[in-house]
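What follows is a short report on a single structure.
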Amino acid sequence: GEGLKVLVGPEEVPFFVHEGPIRASSKFFDNAMKGPWNESTERCVRLRDDDPEIFSIYQHWLYSQTLSTRKDYDVARKTYSALCDAYCLGEKLMDDNFKNTAIDAIIQRRSSSSGGTVWAPGGDVIAKAYKGTPEGSLLRKLLVDFFAYRATTSW
């Protein structure tokens with residue numbers, strides 16, 4: 001299939017994707033490419049408000065169906081932040097399969113311990129999740145469940 005250019009972030013970092021897979025996966029890209037929009041004629045979509053690093057996670061997933069975060073994300077807090085950002089990007093791109101993959105990765109991360117310590121998403125991640133998702137989103141529900149599970153009576 002034909003290629004599309006995606007310019008991500010304020011610096012417009014270029015990414016190239018095949019039209020078929022991204023339109024099949026993302027309603028956002030499907031709508032952008034089927035209308036009489038500039039994006040469709042220029043074969044270029046701009047995502048100025050998004051992080052190129054997070055879009056690269058999406059691009060990798062689009063072709064491999066695996067979620068790959070950077071190696072230095074072994075630090076729990078950074079991993080949660082990246083996975084939360086990935087979910088929010090999936091929300092924006094209207095890609096349910098990608099959002100489900102991000103949710104699965106968050107649950108898997110929560111289920112594994114680091115040196116005997118199980119880390120949960122912090123307040124910064126929770127705030128970011130609420131900012132980037134609509135009411136009733138799976139990510140919000142999951143974070144509430146994590147929080148309720150950790151809660152103690154002294155709180």
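Computed from a prediction, not measured in an experiment: that's the story for all the values here.
- With sequence neighbours left out, the side-chain hydrogen bond (donor to acceptor under 3.5 Å, both in side chains) criterion links T66 to H60, S64.
- Linking ILVMFWY side-chain heavy atoms closer than 4.5 Å, directly or via other members, places L93 and L7 in two distinct hydrophobic clusters.
- Remark: Y63 engages H18 in a ring-ring contact (aromatic ring centres under 6.0 Å, His included) (not counting sequence neighbours).
- A distance-only check finds no donor-acceptor pair linking the side chain of S26 to the backbone of R23 [under 3.5 Å].
- Residue F146 holds its CZ atom at 10.0 Å from CD1 of I126, rounded to the nearest 0.5 Å.
- A82 approaches I54 most closely through the heavy-atom pair O-CD1, 3.9 Å.
- Listed by chain and number, the residues in a ring-ring contact (aromatic ring centres under 6.0 Å, His included) with Y87 amount to none (sequence neighbours excluded).
- From L139, atom CG reaches atom CD1 of I106 across 5.0 Å, with rounding to the nearest 0.5 Å.
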Would you check, one step at a time, whether the test side-chain contact (heavy atoms from CB on, under 4.5 Å) holds for N97 with W61?
CA-CA 10 Å; N97 290 332; W61 173 84; 3.9 Å; yes
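- Counting heavy atoms from C-beta outward, M33 and I22 have side chains that stay 4.5 Å or more apart.
- Hydrophobic clustering of Ile, Leu, Val, Met, Phe, Trp and Tyr side chains at less than 4.5 Å, counting indirect connections, unites L138 with I107.
- Taking F55 as the reference, F15, Y58 meet the ring-ring contact (aromatic ring centres under 6.0 Å, His included) condition, with sequence neighbours excluded.
- Salt-bridge annotation for K99 and D96: present, with a side-chain N of the basic residue lying under 4.0 Å from a carboxylate O of the acidic one.
- Note: N31 CG to S40 OG = 11.5 Å, rounded to the nearest 0.5 Å.
- Remark: of the listed residues R140, K128, E91, R140 is the sole one forming a side-chain hydrogen bond (donor to acceptor under 3.5 Å, both in side chains) with T133.
- How far CG of D124 is from OH of Y80: 12.5 Å, rounded to the nearest 0.5 Å.
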Assess whether side-chain contact (heavy atoms from CB on, under 4.5 Å) is satisfied between F98 and L67, documenting all intermediate values.
CA-CA 9 Å; F98 182 65; L67 213 55; 3.5 Å; yes
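- Qualifying side-chain hydrogen bond (donor to acceptor under 3.5 Å, both in side chains) partners for K92, counting only residues two or more places apart in sequence or in other chains: D50.
- Rounding to the nearest 0.5 angstrom, the gap separating the CG atom in D85 from the CG atom in D51 is 6.5 Å.
- Annotation: the span from L83 atom CG to T101 atom OG1 amounts to 11.0 Å, rounded to 0.5 Å.
- Side chains of F28 and D95 form no contact here, defined as non-hydrogen atoms less than 4.5 Å apart.
- The side-chain hydrogen bond (donor to acceptor under 3.5 Å, both in side chains) check on E12 picks up R46, R48, with sequence neighbours excluded.
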